[in-house]
Amino acid sequence: MRVLSVIGARPQFIKAFAVSRELRTDHDEVLVHTGQHYDEEMSDVFFDELGIPEPEYNLGVGSGTHGQQTGEMIIELERLVDGTEPDVVLCYGDTNSTLAAGIVASKMDVELAHVEAGLRSFNREMPEEVNRVLTDHVSDFLFAPSERAVEYLASEGITDGVHFVGDVMYDTLLWAREEAARQSSILRDLGIEGTDYLLATVHRPRNTDDPDRLETIVSCLAADPRDVIFPAHPRTRKQLAEIELLTFAKRELTLIDPVGYLDFITLQANAESIVTDSGGIQKEAFFLDVPCITLREETEWPETVDSGGNVLVGADADAIRDALENPPVSASDAEPYGDGTAAAEISRVLSDESS
Ligand code: UD1
Ligand code: UDP
């Protein structure tokens, strides 16, 4: 099959590492980067260190309002689909790049494959929830990372084309764990000895764009006696500057630029606890069996909470402090996200379809 894969944001590069590797053995893949993320440390670093194929096209869309960003992607992707005539458009997750791919494929009557289908936070105020629901509803192949995702789809009347394949980020992590141990020097670079540190990331608009929430989170982290490694997403750095918290954050935390994947995996694997509002990081903490304190009220990865190893604390100061003092401990060895062969399964399903 000729597969046009659309990626654009940091976690999608990490997912594409596993999937492109498999797709390129059995299919003809054209990789398109929308340009949603463009800073060196938000984009190029992943292609360089993971050896992801260089995208055949970069749409260079960049940042903007939701309408501007998604609209420009739609215009450019439509041209590209017209010119490259793929059998299937494949997209990942829940970003604006995902939605743009979904709209273009469905309107141009090209089959659409959605990797990470069926996830739900049930919070429609999150742009990601809107993106994933809409994309699922126009997809022909729905690659679900968990059985629960399959159930959510069924509850919305979607059963055709649904395949439980497991989570492609687990595929990437299995490869990266050994590679990170071999290659990463981040602990030495940051002067970290032992595991007596916290790793924190924040980037959800609900946290970054609400000054009270952002201040509460940063104050709780600053009050912890341990070193806090905080690789700041550009959105977060901008907002910290905006509300005049950047100097405080730089003084109280180890505030650094975002790091490459192998460095980030190393920081995660060795941390005492992880504090985050990221989707992917909740899962990686689960795979690495590191306590995860999630700065959100709900999650699209509920299995991580069910395991006992992840706790949802929102931006509630008491709940954050309590979780920092009494970190959640996983009491389960369940493997709800497959066995690390999700990418191969995706490629196989597409092959079966074309034969
Ligand atoms: C996006 C996704 C989110 C995902 C996240 C992964 C949407 C709606 N959101 O959020 O689901 O979890 O990516 O990290 O698609 N910026 C830069 N340099 C960059 C990229 C962004 O400075 O390379 C700044 C810009 O000021 C931009 C802001 O970050 O306006 C937000 O970027 P954007 O891609 O719109 O959303 P994210 O918050 O990154
Ligand atoms: N990540 C990284 N460097 C960082 C922060 C995160 O490589 O400085 C990786 C992390 O390991 C995970 C992914 O980026 O694989 C998560 O991306 P993000 O939190 O931006 O998005 P989300 O998963 O919430 O959509």
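Bear in mind that the values here come from a model prediction, so they are computed numbers and not experimental data. Counting convention: from 1, in listed order, for ligands and their atoms alike. Along the sequence shown, residues are numbered consecutively beginning with 1.
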- Applying a strict 4.0 Å limit to heavy atoms, is Met169 in contact with ligand 2? yes
- Is there a heavy atom of His233 sitting under 4.0 angstrom from any atom of ligand 2? no
- Is there a heavy atom in Glu41 that sits closer than 4.0 Å to ligand 2? no
- Query: Of the protein's non-hydrogen atoms, which lies at the shortest distance from atom 21 (O) of ligand 2, and what is that distance?
  - Reply: Pro11 CG, 3.5 Å
- What about the rings of His37 and Phe13, do their centers lie closer together than 6.0 Å? no
- Query: Among all protein non-hydrogen atoms, which one is nearest to atom 19 (O) of ligand 2, and what is the separation to 0.1 Å?
  - Reply: Ser278 OG, 2.7 Å
- His33 side chain to Gly35 backbone, donor-acceptor under 3.5 Å: yes
- Message: Are any of the N/O atoms on Gln36, whether in the backbone or the side chain, positioned under 3.5 angstrom from an N/O atom of ligand 1?
- Response: yes
- Task: For ligand 1, indicate whether the residue Arg235 contacts it via side chain, backbone, both or neither (heavy-atom separation under 4.0 Å).
- Result: both
- Query: What is the nearest protein non-hydrogen atom to atom 24 (O) of ligand 2, stated with its residue, atom name and distance?
  - Reply: Arg204 NH2, 2.6 Å
- Only heavy atoms count here, so choose which of Gly64, Ser63, Pro258 is nearest to atom 25 (C) of ligand 1. Ser63
- Residues Lys107, Glu78: salt bridge by 4.0 Å N-O rule: no
- Message: Side chains of Gln69 and Ser63: any donor to acceptor distance under 3.5 Å?
- Response: no
- Query: At a 4.0 Å cut-off, with the gap strictly under it, does some heavy atom of Val259 reach an atom of ligand 2?
  - Reply: yes
- Task: Provide, to 0.1 Å, the distance between atom 11 (O) of ligand 2 and the closest protein heavy atom, together with that atom's residue and name.
- Result: Glu284 OE1, 2.7 Å
- Give the numbers and elements of all ligand 1 atoms closer than 4.0 Å to a heavy atom of Met42. 23 (O)
- Message: Between Phe164 and Tyr337, is the ring centroid distance below 6.0 Å?
- Response: no
- Item | Arg10 with Glu41: basic N within carboxylate O range, under 4.0 Å | no
- In ligand 1, the atoms that come under 4.0 Å of a heavy atom of Asp94 are 11 (O)
- Task: Just go through Met126, His37, Arg204 and tell me whose heavy atom is the nearest to atom 32 (O) of ligand 1.
- Result: His37
- Answer yes or no: does an N/O atom from His203 fall short of 3.5 Å to an N/O atom of ligand 1? yes
- Give the residue, atom name and distance (to 0.1 Å) of the protein heavy atom nearest atom 9 (C) of ligand 2. Ile14 CD1, 3.7 Å
- Protein contact to atom 5 (C) of ligand 2 [nearest heavy atom, distance to 0.1 Å]: Arg10 NH1, 3.3 Å
- among protein heavy atoms, the one nearest atom 23 (O) of ligand 2 is Gly280 N, 2.8 Å
- So the atoms of ligand 1 within less than 4.0 Å of a heavy atom of Glu128 turn out to be 3 (C), 9 (N), 11 (O)
- Item | Short N or O distance, Asn96 and ligand 1, threshold 3.5 Å exclusive | yes
- Task: Using distance alone, decide if ligand 1 has a nitrogen or oxygen within less than 3.5 Å of any nitrogen or oxygen in Thr95.
- Result: no
- Message: I'd like to know if the side chain of Arg204 and the backbone of Asp277 have a donor-acceptor N/O pair within less than 3.5 Å.
- Response: yes
- Under 4.0 Å from a heavy atom of Gln69: give me the atoms of ligand 1 that qualify, with their elements. 34 (O), 35 (O)
- Item | Option from Glu300, Glu128, Glu298 for which side-chain hydrogen bond (donor to acceptor under 3.5 Å, both in side chains) with Asn123 holds | Glu298
- Query: Using a heavy-atom cut-off of under 4.0 Å, does the side chain or the backbone of Pro11 touch ligand 1, or both, or neither?
  - Reply: side chain
